[in-house]
Amino acid sequence: MRMKRFWCLLLAILLLAGWVPALADEEVTLTILDTEDAQLPEETEPNAEDSAADPPASGNASAGGDPAAREAFIDGIIALAQKEYEQAGGRAHEAQYASSNYVCKNYTVYLFRENAGSFRMAEFPNVPLKIPDNKPRKECTDYVYGVEWKDVPASEGNPFYAAASFRYDASLSAEENRQKARKFLQQVQKGDYFQMAANYYYGVGAHSMIFIADYDPDTDTVRWCDSNMKGEKRNGIRYGYLQFDAVKKIDWFVDAFCRKKYGATIYRLRDDIIRVGS
């Protein structure tokens, strides 16, 4: 209050002294704030263009990668798949229980683990490589079980990233979904792991497999290896057949997973794979 009286007195003296001209026809209103009541303007967020924030981390880190090592890892997986297929000689393997190597996902995991020990990610050179399990059924709320894997970070050993994914979009027409599914499969590369929830010729449900070649635009086909896509039951026990260098036009897969609540994901090894040990 003392400050208010001071400023009022000073103004009156200035008016009397002629320093401030009086405005005869206008009302002058002065508002004087105590310093205790004054508020500073709120701070605003920095403009995005002025911010030096780091870009989001990529799932496909390439720094320090060895293309030859990555290729060797993929070739080792494919070579083992071919060896298993040849040794099977057309015979089916038991694929009934969670511990069975020849259940589809178990088979792709087995091929990975048998080769992973010699490799790491350059970003996490001391972390052994691991392949994620499928996302649990209880967490599959928007889509049926089998569309995707657990979200395991690279820092915990997961060397894969989702290179592409397809989820049926009910807001689009069936034909629009089909075209999206085709474009999705045209991104297939050698060594990609494939996870789908589908209704296909041999069965209904989740299936895992590995592509052994890039998508071929000349023939509109993909080639893969897997276990238990084809199978049979004997005395109530499921037996699955191995496939290697199986080939289908991509529309065969589109017919299988391009359905409401269904979909698929292409998982690809990161670029920063390196070889370790002797």
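This chain uses plain numbering: 1 for the first residue, then up along the sequence. Note that this is a predicted model, so its numbers are computed, not measured.
- Other residues, nucleotides and ligands place no more than 12 heavy atoms under 6.0 Å from the OH atom of Tyr201.
- A donor-acceptor pair shorter than 3.5 Å cannot be found between the side chains of Arg120 and Asn126.
- Checked against side chain to side chain contact (heavy atoms under 4.5 Å, CB included), Val254 has the following partners two or more places apart in sequence or in another chain: Arg178, Ala181, Arg182, Leu185, Asp251, Cys258.
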### Task
Apply salt bridge (charged side-chain N to carboxylate O under 4.0 Å, His left out) to the pair Glu232 and Arg234, showing each step before the final yes or no.
CA-CA 7 Å; Glu232 60 188 36; Arg234 304 173 189 169; 2.7 Å; yes
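- Closest approach of Ile212 to Cys225, counting heavy atoms only: CG2-SG, 3.9 Å.
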Listed pairs under 3.5 Å, donor-acceptor, residues 142-157 side chains, sequence neighbours left out:
residue, atom, partner, partner atom, Å
Tyr145, OH, Asn134, ND2, 3.2
Glu148, OE1, Arg167, NH2, 3.1
Glu148, OE2, Lys135, NZ, 3.1
Trp149, NE1, Gln195, OE1, 3.1

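- Annotation: Phe253 is not in aromatic contact with Phe184 [ring centroid separation under 6.0 Å not met].
- A 6.0 Å sphere centred on CZ of Arg113 holds no more than 12 heavy atoms belonging to other residues, nucleotides or ligands.
- Side-chain atoms of Leu269 and Tyr193, non-hydrogen and from C-beta on, never get closer than 4.5 Å to each other.
- Counting only N and O atoms by type, the side chains of Asn101 and His93 include no donor and acceptor under 3.5 Å apart.
- Between Phe194 and Tyr267, the distance separating the two ring centers is not shorter than 6.0 angstrom.
- The CZ atom of Phe211 sits 4.0 Å away from the CE atom of Met209 when rounded to the nearest 0.5 Å.
- Here the straight-line distance linking atom CZ of Phe244 with atom CD1 of Ile210 works out to 10.0 Å at 0.5 Å rounding.
- Aromatic pair Phe73/Phe119: ring centres closer than 6.0 Å.
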### Worked check of salt bridge (charged side-chain N to carboxylate O under 4.0 Å, His left out) between Lys190 and Asp214
CA-CA 5 Å; Lys190 175 185 174 183; Asp214 294 356; over 6 Å; no
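- For Asp245 and Arg223, the salt-bridge test passes: some basic side-chain N is under 4.0 Å from an acidic carboxylate O.
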### Message
Would Asn177 and Arg259 count as a side-chain hydrogen bond (donor to acceptor under 3.5 Å, both in side chains) here? Give the steps.
### Response
CA-CA 9 Å; Asn177 272 288; Arg259 301 165 181 265; over 6 Å; no
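- Residues Thr265 and Ala162 share a closest heavy-atom pair of CG2-CB, 4.0 Å.
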### Query
Can Arg270 and Glu123 be said to form a salt bridge (charged side-chain N to carboxylate O under 4.0 Å, His left out), step by step?
CA-CA 10 Å; Arg270 289 161 47 119; Glu123 187 176 6; 2.8 Å; yes
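- Interatomic distance, Gln186 CD to Tyr215 OH, rounded to the nearest 0.5 Å: 4.0 Å.
- Within the structure, the salt bridge (charged side-chain N to carboxylate O under 4.0 Å, His left out) test picks out no pair touching residues 76-86 (sequence neighbours left out).
- Taking 4.5 Å as the limit, some side-chain heavy atom of Ile237 sits within range of a side-chain heavy atom of Glu94.
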